[in-house]
Every structure is written in C-alpha cells, then in structure tokens.
Undergrad: 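Sharing a structure, written as structure tokens. Questions coming.
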Amino acid sequence: MPPDKSISHRALLLGAITCGTSELVNVSSAQDVLSTKHCLEQLGVVFGLAEGRTMVYSEGVGGFCEPQVPLDCGNSGTTMRLLTGILAGSDIKATLSGDQSLMRRPMQRVVRPLLAMGGSINTDAGLPPLTIQGRPLQGKLWRPEVASAQVKSAILLAGLFARGVTRVEELHPTRDHTERMLQACGGKVQFGPGWAEVAASRLSPMHFRVPGDVSAAAFFVVLAACLPGADLHVAEVGLNPGRIGFLEVLRLMGADVSWTVDNDLPEPSGSIVVRGGQLRPFSIAGEMVPRLIDELPVLAVAAACAQGRSEVRDAGELRVKESDRIAALLTELNKLGVKTEEFPDGFAIIGGKMQGAEVCSHEDHRLAMALAVAGSLASGTTTIKQAGCVRVSYPGFWGDLAKIQGGEED
Ligand code: S3P
C-alpha cells in the first residue's frame, strides 16, 4: 500500500519543529503531504532525499522565517489545522489558505481553543484564510465539540510551546498518531483512549518508518470482501486502533477478514487477509464513527452489496469533509441504481444490484475510489468523471486497481 497520509503529515511536521536532522523512511508523495512539505519549506525547513529516505533539517520553530506570501495548504485539512496549532505559539506571522474545497471547511474548531490559550488568529467568519500571529500561549483543558483527531492534534502541538499543561478530552476516541509520535520523539505526553495531555517539550530528532496506509487498503479490502471467490493479502499496513473500525464492521457483516499486528512501536502495523463472500447489512453510530470516518464512503458500497438495510448515524462530520460526502455519495450511488435515504447526520442504504453508469467524484479523492469499487462490483461499465483527484491521497490508485483485478502479485 502507499505510505500512510496521516502519519506522513505528522512525521514531516514533527521533524520541522525539532532542532536537528530527522530521518524518515517511506514518506507519502501524495498531493496532501506535498502541501505540508511545501508550506514547511516556505517557513525555512530544508528537506533532502538520500537513498529513498526523507531527511528533515530544521532549527525548530524558533528558526522558522516569516513567509512573505500565504502558505498554500491545497486540499489538505490536516495541513491547515495542524500547522495552525504549531504557528500559534511561534514568534512569526503567517497566513494559510487552500483550494476551493478547503476554503469552505470549518476552522473555528481549531481557532477557538487556540484563542483560549492566548493565541491570535483571524478567520473569514470561521473559514480560511487563517492569519496567525504567533504569541506566548498558556496550557488549557479543552473538550472539543466534535470528535476530531485534527482538532486534538492542533491543540496538543500548540501545547508543546505553552506554559503549563495542555489537556484534550474527546467526545469519542480518535486516532492517536500525534500522541504516539510525540512520545517517540521524547515529548512530555501522556494519553489514553479519549484523552491526551502535553507539557512544553524539547523533541529529539526521529528515525521513523511510515507504515502503509490502511485507509487506502480499505478500498481493496472492501472490494475483495464483496466478491465471492476473491482472496486478498495486504502487507505492512498501519493498524492503529483509531483507524480500523471498518475491519470490525466488515467482520460484523459476516466477512472472512482477519488482521495481525507484527510491530507496535510507535505505530501498530501488520497484515490483513480477506476472502470474499455474502455480506449482511450493518448499523454504525456513536463511538465507532471517528474510527472509520474516512472509510464510510466505501462501507456504503459494501452496504449496497449486502441484502437488507444498512444505516449510518452520528456522522454529520461527513458533510464538512473534502465534499459534502453524504449528499455527494448518495447522488452518485443512486445513479448506479442503489436505493438510499438521507439524514442530516448519516444515511441508509438498501442493498441490491448495482448497474454501471456515468458518475462523478465531486473532486473528492475518497469518493472517486469508493465509486471505483462500486463500478467494479456493478454490472456493465461505470465511467467516473473527475477521477484524477485520487492524487490527493493515493496517486497510484488506478494502476493498483488494475493490477489487483488482474490477480497480479507484487
Ligand atoms: C485526519 C483526521 C480525520 C480524517 C482526515 C485525516 C488526521 O479528520 O478524516 O482524513 O490526519 O488527523 P478529523 O479529525 O477532522 O475527523
């Protein structure tokens, strides 16, 4: 699988705020991660490539230079939100902007806690661009109104430069990559399911290997699970408990799927084995949602293959992702003949047969890949418009899909 996007962002950001040289192996070259890298370059961080390794040379946040133009976060919410946390406690001023989709995404969720810590951030009525004037910060306890790893991470990263202790208590546990990686760099961090705490820390340069992206694997795992006779092995992929809710749901659907953790530090990683068969419908709500938020589009495709009615609730966050993923997904699945119901916070899918049609990704990478899985399972031909947006997280997706359908082994 391609390198994990979430972990690659964090590896570059932590390398950038650490004094010295960090050495990273298997960093993603997807467009979102390149956005993080380019923003950091404009802040004066230097990257090098040596024998497939990404070297990060930095003097830490104190060495950042003030950019003269807005930093372009592209399509990447993770870049904008995590960088805002880092810049809030710096001593420079910077403006962050992005593409049309990112400029519509809510930023108050990170701005409010950072203002409460003493930060100075201007928005356009809660939306980007964000102008951050770095200031001395004071640690805080914050309970975000949404369960979001991006919000948690922005607050924790700001907490590294704040006086006192910064603590986040979540509505539901989210992925804990930031906490694990901070610990690996010697940061003063403590955490458990649904909470994390940091104090001002001097980080040590890291030597870190990014595992494969389990959210990228999800597209092929679901495709195999829905295809009787299919047999798929995924190697060296991240298995963080905050990311593998979709595997648990597939198992509840009756799929023959298993996974094994081979390494645990700092990030769990291992392999997944899945064999195709007949699936039952599912019901997803509450604490499970943040653990599979990015996999809901492809799980909707699995629901379309299961006999009966599946339902997703408490997933209103899908409306503020790269697209309104509830409206866009249902519009496109309807074109393939899938019966659906729409709710403010989710959807229902009535499983049956899918027929090929012309569909559109709405320039959303995860919708493009979920529709590719749907098209592979539907009868006839499916044409996906705006299919190039897979470059945001998985540039090699179309080639890998063709390889897997051809039954090739790597
Ligand atoms: C991410 C967290 C999730 C996820 C996004 C990446 C991260 O967003 O949807 O693709 O890297 O922390 P939220 O934390 O806003 O739900």
Side-chain angles (χ1 to χ4, degrees), residues 2-14 27-28 30-33 35-36 73-86 98 101-102 104-113 128 142 144-157 168 170-182 191 194 196 210-211 213-219 238 240-246 267 287-299 312 314-326 329 345 364-370 389-390 392-394:
D4 189 275
K5 175 163 85 71
S6 267
I7 297 175
S8 294
H9 281 298
R10 287 158 172 84
L12 295 178
L13 291 166
L14 292 186
V27 176
S28 167
Q31 182 185 291
D32 266 12
V33 177
S35 293
T36 291
C73 302
N75 192 245
S76 175
T78 309
T79 307
M80 184 170 280
R81 295 191 176 119
L82 272 55
L83 204 47
T84 300
I86 289 174
S101 149
L102 186 55
R104 286 193 298 263
R105 296 183 66 186
M107 293 296 149
Q108 279 306 82
R109 52 182 62 195
V110 288
V111 171
R112 282 183 53 234
W142 197 261
E145 64 272 28
V146 286
S148 158
Q150 293 182 355
V151 172
K152 173 178 63 175
S153 300
I155 300 170
L156 295 177
L157 291 168
V168 181
E170 301 186 280
L171 279 177
H172 299 303
T174 63
R175 61 189 73 183
D176 59 3
H177 302 311
T178 304
E179 297 90 308
R180 286 170 181 271
M181 293 172 73
L182 277 176
F191 57 100
V210 178
D213 195 329
V214 73
S215 295
F219 297 101
N240 185 296
R243 301 280 298 278
I244 57 170
F246 77 100
E267 279 288 340
E287 65 85 30
M288 182 57 110
V289 172
R291 299 183 51 230
L292 44 64
I293 189 74
D294 291 339
E295 286 64 64
L296 283 171
V298 75
L299 281 174
V312 175
D314 301 326
E317 273 299 293
L318 287 179
R319 296 210 182 265
V320 289
K321 292 292 179 190
E322 287 83 330
S323 67
D324 174 344
R325 281 191 180 154
I326 297 179
L329 176 69
D345 68 338
D364 181 330
H365 57 126
R366 298 209 195 274
L367 281 194
M369 294 186 276
C389 58
V390 299
V392 163
S393 61
Y394 190 172

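Order of listing sets the numbers, starting from 1, for every ligand and every atom in it.
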Undergrad: Distance alone, cut at 3.5 Å: any donor-acceptor contact between the side chains of Ser101 and Glu322?
TA: no

Undergrad: Below 4.5 Å, heavy atoms only, C-beta onward: do Ile293 and Lys321 meet side chain to side chain?
TA: yes

Undergrad: Tell me the protein heavy atom at minimum distance from atom 14 (O) of ligand 1, and give that distance in Å.
TA: Ala149 N, 2.8 Å

Undergrad: I'd like to know whether ligand 1 has Thr174 as a neighbour, heavy-atom separation below 4.0 Å.
TA: no

Undergrad: Give yes or no for whether the N/O distance cutoff of 3.5 Å, strictly under, is met between Glu317 and ligand 1.
TA: no

Undergrad: Report the nearest protein non-hydrogen atom to atom 4 (C) of ligand 1: residue, atom name, distance rounded to 0.1 Å.
TA: Asp294 OD2, 3.3 Å

Undergrad: May I ask you to check whether Arg109 has an N/O atom sitting below 3.5 Å from an N/O atom of ligand 1?
TA: no

Undergrad: For atom 15 (O) of ligand 1, find the nearest protein heavy atom and state the residue, atom name and distance (0.1 Å precision).
TA: Ser148 OG, 3.1 Å

Undergrad: Looking just at side-chain N and O atoms, do Arg243 and His177 make a donor-acceptor pair shorter than 3.5 Å?
TA: yes

Undergrad: Can you find a side-chain donor-acceptor pair between Ser76 and Ser35 that sits under 3.5 Å?
TA: no

Undergrad: If we ignore angles and hydrogens, is there a donor and acceptor under 3.5 Å between the side chains of Ser6 and Arg175?
TA: yes

Undergrad: Would you check if there is a donor-acceptor pair between the side chains of Thr178 and Ser153 at a distance under 3.5 Å?
TA: yes

Undergrad: Can you confirm, on distance only, whether ligand 1 has an N/O atom lying under 3.5 Å from any N/O atom belonging to Arg366?
TA: no

Undergrad: Please identify which atoms of ligand 1 are closer than 4.0 Å to at least one heavy atom of Ser6.
TA: 1 (C), 6 (C), 7 (C), 11 (O)

Undergrad: Taking distance alone, with N or O pairs closer than 3.5 Å, would you say Ile293 contacts ligand 1?
TA: no

Undergrad: Using only heavy-atom distances, determine whether the side chains of Arg109 and Ser148 contain a donor-acceptor pair under 3.5 Å.
TA: no

Undergrad: Using only heavy-atom distances, determine whether the side chains of Lys5 and Ser215 contain a donor-acceptor pair under 3.5 Å.
TA: no

Undergrad: Quick check on contacts: which atoms of ligand 1 are under 4.0 angstrom from a heavy atom of Thr78?
TA: 6 (C), 7 (C), 11 (O)

Undergrad: Kindly confirm or rule out an N or O of Arg10 lying under 3.5 angstrom from an N or O of ligand 1.
TA: yes

Undergrad: From the options His9, His177, Lys321, select the one whose nearest heavy atom is closest to atom 16 (O) of ligand 1.
TA: Lys321

